[in-house]
Amino acid sequence: MKIASFNINGIKARMPRLLEWLEETRPAVACLQEIKTQDEGFPADEFHKLGYHAIWHGQKGFNGVAILADGSTPVEIRRGLEGEPEDEHARYLEADIFGVRIACIYLPNGNPVPGPKFDYKLRWMERLRTRMREIAAEEVPALVIGDFNVIPFDHDVWSPAAMADDALMQPQSRDAYARLLGDGWSDALALHNPNGGVWTFWDYQAGAWQRDHGFRIDHALLSPELADRLVACGVDKAYRGREKASDHAPVWVQLRRD
DNA sequence: ATGGCTTTAAAATAAAGA
């Protein structure tokens, strides 16, 4: 069973790429980030034609997450994180599907540093940690997957110096990410690529794709109950090179069925 | 480059992204 994540950077602009990726790679579950549409604009019918059922949490203009499942509708557990009632960003959607608890996340970018956006990022990470500890306490097979907007280690970026001032690799961001792993969650891509060098994002600017100037910010974290079912994981890198591509490539984990 | 693209929203620029 393959579960994938794709920051698509605008579902309206990306539909041709998104549909062909679903048809060609056929994940059992696809978690989407940055759909950038309000709920009423979500193209559920287009996914239905391919056999995918969806739940989504949209917002006008930016953010927005969705979970698609092949032949079955995800059972929504919650949308949004607790702890900040005035926060209306659509960044968190959690559901049960195929016996796995799946949280699809779009963690705040946090630039510029310092500033209110970086403060929001760090608060959001602590709110996420609170929820992940609750999920872990349920002792269910669980996967938290999506765009974490954190470069965990220097070997996860083409040039640590070039990104040194960026919110994605500040020590506070990395420490908050490390605390998630410290609670028992496993970073699938990191486990299978201990030497780093795996990218999931290439900027649109400055020929970053052509020069392979990327970094790893899309992650899949497995609960202890799921970690021993991981058989493979990877990045669908070629999709970054297609016409009208997202600036992220899809990431996926292959899990043994129970 | 305090922004070299790109998307959205909306009507010419501006916000947001990473």
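Scope of the values below: all heavy atoms of this structure, side chains included, with no hydrogens, waters or symmetry mates. Below, read A as the first sequence line, B as the second, and so on, with proteins coming before strands; counting in each chain starts at 1.
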How would you list, by chain and number, every residue that makes a side chain to side chain donor-acceptor pair (under 3.5 Å) with A:E76, sequence neighbours excluded?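 Only A:R79 meet the side chain to side chain donor-acceptor pair (under 3.5 Å) criterion with A:E76.
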
Got a sec, which residues hit side chain to side chain donor-acceptor pair (under 3.5 Å) with A:K121, two or more places apart in sequence or on another chain?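 With sequence neighbours excluded, A:K121 shows a side chain to side chain donor-acceptor pair (under 3.5 Å) to no residue whatsoever.
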
If we take the [atom1] atom in both [N] and [M], what is their distance in whole Å?
N      : M      : atom1 : value
B:dT13 : B:dT2  : P     : 23 Å
B:dA1  : B:dA11 : C1'   : 28 Å
B:dA18 : B:dA12 : P     : 29 Å
B:dA10 : B:dA16 : C1'   : 16 Å

Compute the ring centroids of A:Y92 and A:H57, then answer whether they are less than 6.0 Å apart.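 No, the ring centres sit 6.0 Å or more apart.
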
Gap between atoms [atom1] and [atom2], on [X] and [N] respectively (whole Å):
X      : N      : atom1 : atom2 : value
A:M163 : B:dG3  : CE    : P     : 17 Å
A:Q33  : B:dG17 : CD    : C1'   : 14 Å
A:Y120 : B:dA15 : OH    : C1'   : 16 Å
A:Q210 : B:dG4  : CD    : P     : 17 Å
A:W158 : B:dA18 : CH2   : C1'   : 13 Å
A:D218 : B:dG17 : CG    : C1'   : 13 Å
A:R240 : B:dA18 : CZ    : P     : 13 Å

Does a side-chain N or O from A:H248 land closer than 4.0 Å to OP1 or OP2 of B:dA18, or not?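 So the side chain of A:H248 is within the cut-off, an N or O lying under 4.0 Å from OP1 or OP2 of B:dA18.
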
Looking at B:dA18, I'd like to know if its phosphate oxygens (OP1 or OP2) sit under 4.0 Å from a side-chain N or O belonging to A:Y106.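 For B:dA18, OP1/OP2 do have a side-chain N/O of A:Y106 under 4.0 Å.
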
How would you label the contact of [X] with the nucleic acid (heavy atoms, under 4.0 Å): base, sugar-phosphate, or nothing?
X      : result
A:D147 : sugar-phosphate
A:H213 : nothing
A:N149 : sugar-phosphate
A:D165 : nothing
A:R91  : sugar-phosphate

Interface residues of residues 109-117 of chain A with DNA chain B (non-hydrogen, below 4.0 angstrom):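 Nucleic-acid contacts, sorted: A:N109, A:N111, A:K117.
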
May I ask you to check whether A:D218 and A:T200 show a side-chain donor-acceptor distance below 3.5 Å?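 A:T200 and A:D218 do have a side-chain donor-acceptor pair below 3.5 Å.
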
My understanding is that a hydrophobic cluster links ILVMFWY residues whose side chain heavy atoms are under 4.5 Å apart, including indirect links. Using that, what else belongs to the cluster containing [X]?
X      : value
A:I77  : none
A:F118 : A:V113, A:L122
A:L18  : A:F6, A:I8, A:I11, A:M15, A:L19, A:W21, A:L22, A:L32, A:I35, A:F42, A:F47, A:L50, A:Y52, A:W56, A:L68, A:Y239

Check this for me, if you would: do A:R216 and A:D187 make a salt bridge, where the nitrogen-to-carboxylate-oxygen distance has to be below 4.0 angstrom?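 Looking at A:R216 and A:D187, the cut-off is met.
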
Sequence neighbours left out, what pairs pass side-chain hydrogen bond (donor to acceptor under 3.5 Å, both in side chains) with at least one residue falling in residues 189-198 of chain A?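 Every pair satisfying side-chain hydrogen bond (donor to acceptor under 3.5 Å, both in side chains) with a residue in residues 189-198 of chain A: there are none.
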
Nucleotide-resolved protein contact map, nucleotides 5-10 of chain B, B/S/- at heavy-atom distance under 4.0 Å: BSBSSS

Would you please name every residue forming a side-chain contact (heavy atoms from CB on, under 4.5 Å) with A:D154, sequence neighbours left out?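 Partners of A:D154 by the side-chain contact (heavy atoms from CB on, under 4.5 Å) criterion, ordered by chain and then number, come out as A:P160, A:M169, A:R174.
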
